[in-house]
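Worksheet for the structure shown next.
Protein chains get the first letters and strands the later ones, always in sequence-line order, with residue 1 at the start of each.
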Amino acid sequence: MSQETRFVQDIADQEDDFSRWYTDVVLKAELADYSPVRGCMVIRPYGFALWENMRDALDSRIKATGHVNAYFPLFIPESLLKKEAEHVEGFNPEVAWVTAAGDEDLEERLAIRPTSEVMILTMYSKWVQSWRDLPLLINQWANVVRWEKRTHMFLRTTEFLWQEGHTAHRTEQEAQEEVLRMLEVYRDFVETELAIPLVLGRKSESEKFAGAQATYTIEAMMGDGRALQAGTSHGFGQHFAEAFNISFLDMDGERRNAWTTSWGMTTRLIGALIMTHGDASGLILPPRVAPHQVVVIPIFRKDDEEERVREAINEITQRLAGQVRLHVDWSEHTPGWKFNEWELRGVPIRLEIGPRDVAAGQATVVRRDTREKQAVPLGELATRLPALLDDIQHALFERALAFRESRTHQISSIDELAAQIEQERGFFWAVWCGSAACETAVKTRTGATLRCLPLEGGDGVGPCLVCGQSGGKTAIFARAY
RNA sequence: CGGGGAUUAGCGCAGUCUGGCAGCGCGCCUGGUUUGGGACCAGGAGGUCGCCGGUUCGAAUCCGGCAUCCCCGACCA
């Protein structure tokens, strides 16, 4: 990249080494840092402010759909965890255990929750007696621990923060509606707030959650063409209700098992945000969740200039209070240094105020995504800035969507997939017969996994990309994080 | 968990092969000049050389173990 556009030299080149670029951005933008604990990171104040904005936007949507928040214990007694065989087997290798307190061994080991189905559904069995107790719609914001072999900042860490919703319903249809409703809530949240375009779909048998009857997913494409699962919604049928005895007397006097669901979204989304919108200069944050939406850079030479600039900035701050999240950088770095710094940290709009601007009664406004520069009269900032933030939000989505389209291909055979994915990563739509053997064949040969069976688009007409049989479904294959 | 690489000042690195005073650039502190795309001059501070042990008169350097990070794979959602 040329020197004119590449101002930041201390992060790796995106095309050259995407993985290194990602790590550099996370560290240099001060989103997170490594900790002395393997696989565990520290989310720094800037990263946490971002997470808080994301969390609040999702939380209000969860509440708007009738759910309430609660909090359940971090520890799960071993005997409880073992109640649902398929579930425990799925998570077993990743579970961390507490075996002692002080010098005394515990009588029963305690698992540190990898997820809370077991704990929450155990409580539900106490709370559900009648059909009138249903539906039960509870969400919790919590940390969970999964002992992953290989970790990566935000994308896969040993401990992470998330939201897990757990619901119980009277009928299968209600539960199914809930699973899809929350998938839609996720879509709205991710596309509206994070400006990340999604594909909604169902997971194959081999990819679904341990113990689930059906797993639905939202899949996003990262800047290197790889897929990232950004959230999931599971239907459990009556499977868990049987294991945990969540039964109720129905309207007709019959005792029945409830239908349960769960759905979750994690700090991994921060990784998705970075890898979807970032560029050669670093992070680009969507205005709706950016900790600072506008950063103000004062420019002056002499004391009298500083005085006038300060006055103008005070006036701007007052005028914009409550309208935009604004940060004034009064630090002693030079303006050029600040430009680079705040670009690296992804602030959507930079506002420069210097003597020339003050004299003209204007501010110089620069947007992060295009670097387009314009002079805006001070009196118009209160209307122009929110409009510009809106504009950037939409432009980011459109750009990400256009990128995904350019990397999405229809393919008809595994040979074609192998050849194309070697050239360039992306999403590959194909017809798949539904057999696990063909799914495995694709993974072994191409490194791509079956991301989902999309809910929209794809008619499933044609021969399976591996075995050639007809009567299959449309599936999306991609290399994934 | 397997293979490879790394760990030296806040950050990036040289020094390790061939054992002998702890170095460079950036950053940081003080003073001054500066400030519209990573300013300049002068002075200064900052190190258990990742940790534990061994060899040696002497270890950043050689040997053994461990920890953390990165890359590739296996595993996992």
Side-chain angles (χ1 to χ4, degrees), chain A residues 3-12 17-24 26-28 30 33-41 87 89-95 114-115 144 146-153 155-158 160 162 203-204 206-212 215-219 227-234 262 264-266 268 281-282 297-303 305-306 309 329-344 350-360 362-366 371 373 375 443-444 447 449-452 479-481:
Chain A
Q3 284 304 105
E4 297 91 77
T5 49
R6 178 102 202 270
F7 295 122
V8 176
Q9 271 90 48
D10 46 5
I11 53 176
D17 189 345
F18 194 82
S19 176
R20 180 78 188 274
W21 169 86
Y22 173 81
T23 305
D24 284 347
V26 168
L27 295 173
K28 299 249 159 64
E30 297 183 2
D33 203 353
Y34 293 108
S35 76
V37 193
R38 159 186 252 147
C40 293
M41 65 175 183
H87 184 65
E89 192 178 329
F91 276 104
N92 189 44
E94 302 172 51
V95 174
T115 179
V144 288
R146 296 181 187 177
W147 219 264
E148 302 284 355
K149 304 281 191 233
R150 192 177 167 184
T151 59
H152 206 45
M153 289 262 189
L155 302 175
R156 180 173 285 109
T157 48
T158 302
F160 57 93
W162 77 344
K203 285 293 190 188
S204 66
S206 69
E207 299 275 342
K208 77 180 191 190
F209 183 78
T215 289
Y216 292 84
T217 176
I218 49 176
E219 297 283 328
L228 184 82
Q229 175 180 306
T232 48
S233 186
H234 315 287
S262 82
M265 195 168 257
T266 80
R268 171 185 257 199
S281 299
I297 312 291
I299 298 161
F300 51 84
R301 277 188 205 83
K302 305 177 177 88
D303 285 355
E305 284 180 352
E306 177 176 354
V309 165
D329 187 354
W330 281 113
S331 70
E332 287 182 49
H333 295 290
T334 62
W337 192 94
K338 293 178 190 175
F339 295 168
N340 287 294
E341 176 72 6
W342 291 109
E343 279 178 10
L344 170 59
R350 173 173 84 238
L351 205 149
E352 306 170 19
I353 306 263
R356 295 205 294 269
D357 295 303
V358 175
Q362 64 176 35
T364 302
V365 173
V366 186
R371 287 215 178 74
K373 194 179 274 199
K443 186 175 180 182
T444 309
T449 49
L450 200 166
R451 301 318 301 158
C452 70
R479 289 198 181 149
Y481 275 98

When the distance from [atom1] of [X] to [atom2] of [N] is rounded to whole Å, what number comes out?
| X | N | atom1 | atom2 | value |
| --- | --- | --- | --- | --- |
| A:Phe18 | B:rC71 | CZ | C1' | 16 Å |
| A:Leu351 | B:rG36 | CG | P | 17 Å |
| A:Leu27 | B:rU68 | CG | P | 18 Å |
| A:His333 | B:rG37 | NE2 | P | 17 Å |
| A:Glu207 | B:rC75 | CD | P | 11 Å |
| A:Lys443 | B:rA77 | NZ | P | 10 Å |
| A:Lys149 | B:rG3 | NZ | C1' | 17 Å |
| A:Ile297 | B:rG37 | CD1 | P | 12 Å |

Counting the atoms with a prime plus P, OP1 and OP2 as sugar-phosphate, which does [X] contact under 4.0 Å by heavy atoms, base, sugar-phosphate, or nothing?
| X | value |
| --- | --- |
| A:Arg156 | base |
| A:Lys203 | base |
| A:His234 | nothing |
| A:Gly39 | sugar-phosphate |
| A:Pro298 | nothing |
| A:Phe300 | base |

Just name whichever nucleotide pairs with [N], Watson-Crick or G-U, keeping both distances under 3.5 Å, else none.
| N | answer |
| --- | --- |
| B:rU34 | none |
| B:rU55 | none |
| B:rC21 | none |
| B:rA9 | none |
| B:rG27 | none |
| B:rC66 | B:rG50 |
| B:rG2 | B:rC72 |

Determine: side-chain N/O of [X] to OP1/OP2 of [N], distance under 4.0 Å, yes or no.
| X | N | value |
| --- | --- | --- |
| A:Tyr481 | B:rA77 | no |
| A:Thr334 | B:rA39 | yes |
| A:Arg301 | B:rU34 | no |
| A:Arg356 | B:rG36 | no |

Query - Closest-nucleotide ordering on RNA chain B, the 5'-leading residue of A:Thr151 and A:Ser206 - result: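 Here A:Thr151 is the residue nearer the 5' end.
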
**Report entry** 5'-most by nearest nucleotide on RNA chain B - A:Arg350 or A:Cys40
**Finding:**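 Per heavy-atom nearest nucleotide, the more 5' residue is A:Arg350.
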
Query - Test side-chain contact (heavy atoms from CB on, under 4.5 Å) applied to A:Ser262 - qualifying residues, sequence neighbours left out - result: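 In terms of side-chain contact (heavy atoms from CB on, under 4.5 Å), with neighbours along the sequence ignored, A:Ser262 is linked to A:Glu117, A:His166, A:His234, A:Phe236.
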
Among [options], the one nearest [X] by side-chain distance:
| X | options | value |
| --- | --- | --- |
| A:Gln229 | B:rG37, B:rA77, B:rG36 | B:rA77 |
| A:Ile299 | B:rA77, B:rG36, B:rG38 | B:rG36 |
| A:Glu94 | B:rA77, B:rC70, B:rG36 | B:rA77 |
| A:Arg38 | B:rC76, B:rU68, B:rG37 | B:rU68 |
| A:Trp337 | B:rG36, B:rC70, B:rG38 | B:rG38 |
| A:Ser19 | B:rG37, B:rC71, B:rC69 | B:rC71 |

Does the base of [N] carry an N or O that pairs as donor and acceptor with the side chain of [X] under 3.5 Å?
| X | N | result |
| --- | --- | --- |
| A:Arg146 | B:rC76 | no |
| A:Thr364 | B:rG36 | yes |
| A:Arg150 | B:rG2 | no |

Give me the distance, rounded to whole Å, that separates [N] from [M] when you measure between the [atom1] atoms they each carry.
| N | M | atom1 | result |
| --- | --- | --- | --- |
| B:rC62 | B:rC26 | C1' | 33 Å |
| B:rC17 | B:rU33 | C1' | 48 Å |
| B:rG25 | B:rC63 | C1' | 34 Å |
| B:rC71 | B:rC57 | P | 44 Å |
| B:rU16 | B:rA59 | C1' | 10 Å |
| B:rG44 | B:rG4 | C1' | 43 Å |
| B:rG46 | B:rG23 | P | 14 Å |
| B:rC13 | B:rA6 | C1' | 12 Å |

Report task. Report the relative orientation of the aromatic rings in A:Trp162 and A:Phe160; use parallel for angles under 30°, tilted for 30 to 60°, perpendicular for over 60°. Result -> perpendicular

Query raised in the report: A:Arg146 versus A:Thr115: any side-chain heavy-atom pair under 4.5 Å?
Result: yes

**Report entry** A:Arg479 atom CZ, over 12 foreign heavy atoms within 6.0 Å
**Finding:** yes

**Report entry** A:Ser281-A:Arg371 side chain donor-acceptor pair, cut-off 3.5 Å
**Finding:** yes

Query - Residues A:Lys338, A:Glu332: salt bridge by 4.0 Å N-O rule - result: no

Requested in this report: Look at A:Glu352 together with A:Arg350 and state whether they make a salt bridge at an N to O cut-off of under 4.0 Å.
Outcome: yes

Query raised in the report: Taking the six-membered ring of A:Trp147, is the NZ or CZ of A:Arg156 close enough (under 6.0 Å from the centre) and on axis enough (within 45°)?
Result: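 So A:Arg156 doesn't make the cation-pi contact.
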
Report summary line: Note: A:Thr449 and A:Ala480 closest approach over all heavy atoms is OG1-CB, 4.0 Å

